[in-house]
2 protein chains.
Amino acid sequence: MKSELTIGDVARESGVKVPTIRYYEQIGLLPEPPRTDGNRRFYDQKGLRRLAFIRHARELGFEVSAIRTLLALQDDPAQPCATADAIAKARLVEVEQRIASLMALKAELEVMVEECRHGRLAECRVIEVLADHGKCMHDHH
Amino acid sequence: MKSELTIGDVARESGVKVPTIRYYEQIGLLPEPPRTDGNRRFYDQKGLRRLAFIRHARELGFEVSAIRTLLALQDDPAQPCATADAIAKARLVEVEQRIASLMALKAELEVMVEECRHGRLAECRVIEVLADHGKCMHDHH
DNA sequence: CTACATCCTCTAGCGACTAGAGGAGCAAGA
DNA sequence: TCTTGCTCCTCTAGTCGCTAGAGGATGTAG
């Protein structure tokens, strides 16, 4: 396990692209790492773990501002986890809503695609349904 | 049914905000409408329908470039609808993938929230799971 | 006639990156 | 040693789909 990781190394190991890592540093999500004589950033395992944390949270759809809060909580573990819990719960509600609306949407797209019998556009359901919301089966949006 | 609609009228009737309508015009999604003597845009039922089409398509998650294509097809109904069909199908695939990943994510968030027993952050699952992707039950992302 | 709502244009900002220019550093092979 | 080619650096600007605000003109109701 190398102890001096280049930005490319942490990019590979974390799955976050190099410019994105620099961007995270710029917006203060990652601390400025030390540099080599040749002015190159280098990271240790702690830096890598922090980046992995950020990546995972982004994958879960947490916004950068929420991640900022989570990171602050992580840095100060004397606090009760109610805040972290609240953030996760809020995100869970969002996800559930998004799933529900995507399911309705999926049904609508399926109807559209199903009914398009490769005829002429004049009777194409895709265009028709898009043109007239009233033709939707679902009143979700 | 009024035949001369102001931008505010079409905004109300279509549910698209006024600045957004002007934005759509700017990017060429809507044609430049005629103006009154006082330099105000006015629309007819056709303009309103086109806007409703765009709104519905955006709600279904179609990108502006896809809508551009759909509108072009709509304007020239002599074409086969295979293209419109393909666009809708591609969007359907995207939606299905997004649903699958959100479901996995929901499960993960539920585990996090469930296991957080309002203790101290030191053993908070929210932080812990985010910090270590290996603790996830699902290998979806 | 006076408020006040609505309209106009224009520029700039949002989030979360991504792309590209232009240059320096570094490691490996000929 | 030289050169090739990869990675790194900083910086600015672009992406998408809007949204906000400034500063001013026009239209309408009381």
Side-chain angles (χ1 to χ4, degrees), chain A residues 2 4-30 32-43 47-48 50-51 53-71 87 90-91 94 98 101 141, chain B residues 2 4-30 32-43 47-48 50-71 87 90-91 94 98 141:
Chain A
K2 266 190 293 186
E4 295 223 344
L5 303 157
T6 68
I7 197 169
D9 294 333
V10 289
R12 256 184 307 283
E13 292 196 38
S14 69
V16 179
K17 287 179 198 152
V18 170
T20 306
I21 297 172
R22 288 196 279 248
Y23 167 73
Y24 286 159
E25 182 183 325
Q26 192 188 302
I27 62 168
L29 215 50
L30 285 174
E32 290 184 23
R35 304 283 184 125
T36 65
D37 288 352
N39 196 34
R40 301 182 164 204
R41 290 166 179 85
F42 66 91
Y43 300 84
L48 179 54
R50 194 176 180 98
L51 190 52
F53 181 100
I54 294 170
R55 196 208 165 181
H56 195 191
R58 285 294 300 132
E59 273 171 350
L60 292 177
F62 289 93
E63 290 176 7
V64 165
S65 64
I67 297 176
R68 225 182 275 275
T69 307
L70 290 171
L71 282 169
I87 292 172
R91 179 69 197 140
E94 275 171 37
R98 188 88 187 110
S101 101
H141 51 252
Chain B
K2 267 189 295 187
E4 294 224 343
L5 303 157
T6 68
I7 196 168
D9 294 334
V10 288
R12 254 184 307 282
E13 293 197 36
S14 68
V16 178
K17 288 181 198 151
V18 170
T20 306
I21 296 172
R22 289 197 278 248
Y23 167 73
Y24 286 159
E25 182 183 326
Q26 192 187 303
I27 62 168
L29 215 50
L30 286 174
E32 290 183 24
R35 304 283 183 125
T36 64
D37 288 352
N39 195 35
R40 299 179 166 207
R41 291 167 179 84
F42 66 92
Y43 300 84
L48 179 53
R50 195 176 179 96
L51 190 52
F53 181 99
I54 294 170
R55 198 211 163 178
H56 195 190
R58 285 294 299 135
E59 273 171 349
L60 290 177
F62 289 93
E63 291 176 7
V64 166
S65 63
I67 297 175
R68 225 182 275 275
T69 307
L70 290 170
L71 283 168
I87 291 172
R91 177 69 196 138
E94 275 170 37
R98 189 89 186 111
H141 51 249

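Just so we're on the same page: letters track the sequence lines, and every chain starts at 1.
- Applying the 4.0 Å criterion to OP1 and OP2 of dT19(D), one finds that Thr20(B) has a side-chain N or O inside that range.
- Between the CZ atom of Phe62(B) and the P atom of dG17(D) there is a distance of 13 Å, given to the nearest Å.
- Qualifying side-chain hydrogen bond (donor to acceptor under 3.5 Å, both in side chains) partners for Arg12(B), counting only residues two or more places apart in sequence or in other chains: Asp9(B).
- Note that CZ of Phe62(B) and CD1 of Ile87(B) are 7.5 Å apart. Values are rounded to the nearest 0.5 Å.
- Once rounded to the nearest 0.5 Å, the distance linking CG of Leu51(A) with CD1 of Ile21(A) reads 5.0 Å.
- Atom-to-atom, CD1 of Ile21(A) to C1' of dT7(D) comes out at 13 Å; the value is rounded to the nearest Å.
- Comparing Val18(A) and Gln26(A) along DNA chain D, the residue whose closest nucleotide (by nearest heavy atom) sits nearer the 5' end is Val18(A).
- Checking Glu63(A) against Ile7(B), the closest nucleotide of DNA chain C that is more toward the 5' end is the one next to Ile7(B).
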Any N/O pairs under 3.5 Å between the protein and nucleotides 28-30 of chain D? List them or say none.
none

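- Residue Phe42(B) contributes atom CZ, which lies 16 Å from atom C1' of dG27(D) at whole-angstrom precision.
- Here the C1' atom of nucleotide dC6(D) and the CZ atom of Arg12(A) are 11 Å apart, to the nearest Å.
- Residue contacts for Arg58(A): at a heavy-atom cut-off of 4.0 Å it reaches the sugar-phosphate backbone alone, with no base atom in range.
- When rounded to the nearest whole Å, the span between CG of Leu51(B) and P of dC18(D) equals 11 Å.
- Here the CD-CZ distance, from Glu32(A) to Arg41(A), works out to 8.0 Å after rounding to the nearest 0.5 Å.
- With sequence neighbours left out, the salt bridge (Lys or Arg N to Asp or Glu O under 4.0 Å) criterion links Arg58(B) to no other residue.
- What separates CZ of Arg22(A) from C1' of dC9(D) is a distance of 7 Å, to the nearest Å.
- Under the rule for a salt bridge (Lys or Arg N to Asp or Glu O under 4.0 Å), the partners of Arg91(B) that lie at least two apart in sequence or sit in another chain are Glu94(B).
- Between Lys17(B) and dC18(D) there is no side-chain polar atom (N or O) within less than 4.0 angstrom of OP1 or OP2.
- Rounding to the nearest 0.5 angstrom, the gap separating the CZ atom in Phe42(A) from the CG atom in Leu5(A) is 10.0 Å.
- Here the side chains of Gln26(A) and Arg22(A) are not in contact, with every heavy-atom distance at 4.5 Å or above.
- Protein chain A contacts DNA chain C from dA16(C) to dC26(C), reading 5' to 3' and using non-hydrogen atoms of the protein with a distance under 4.0 Å.
- Here the CD1-CG distance, from Ile54(A) to Leu29(A), works out to 4.0 Å after rounding to the nearest 0.5 Å.
- Of all the residues in residues 33-41 of chain B, Arg35(B), Asn39(B), Arg40(B), Arg41(B) reach under 4.0 Å from DNA chain C with at least one non-hydrogen atom.
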Verdict with reasoning, Leu30(A) to Arg50(A), per side chain to side chain contact (heavy atoms under 4.5 Å, CB included): CA-CA 8 Å; Leu30(A) 285 174; Arg50(A) 194 176 180 98; 4.1 Å; yes
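- Scanning all heavy atoms of the two residues, the minimum distance from Lys17(A) to Ala11(A) falls at C-CB, 4.4 Å.
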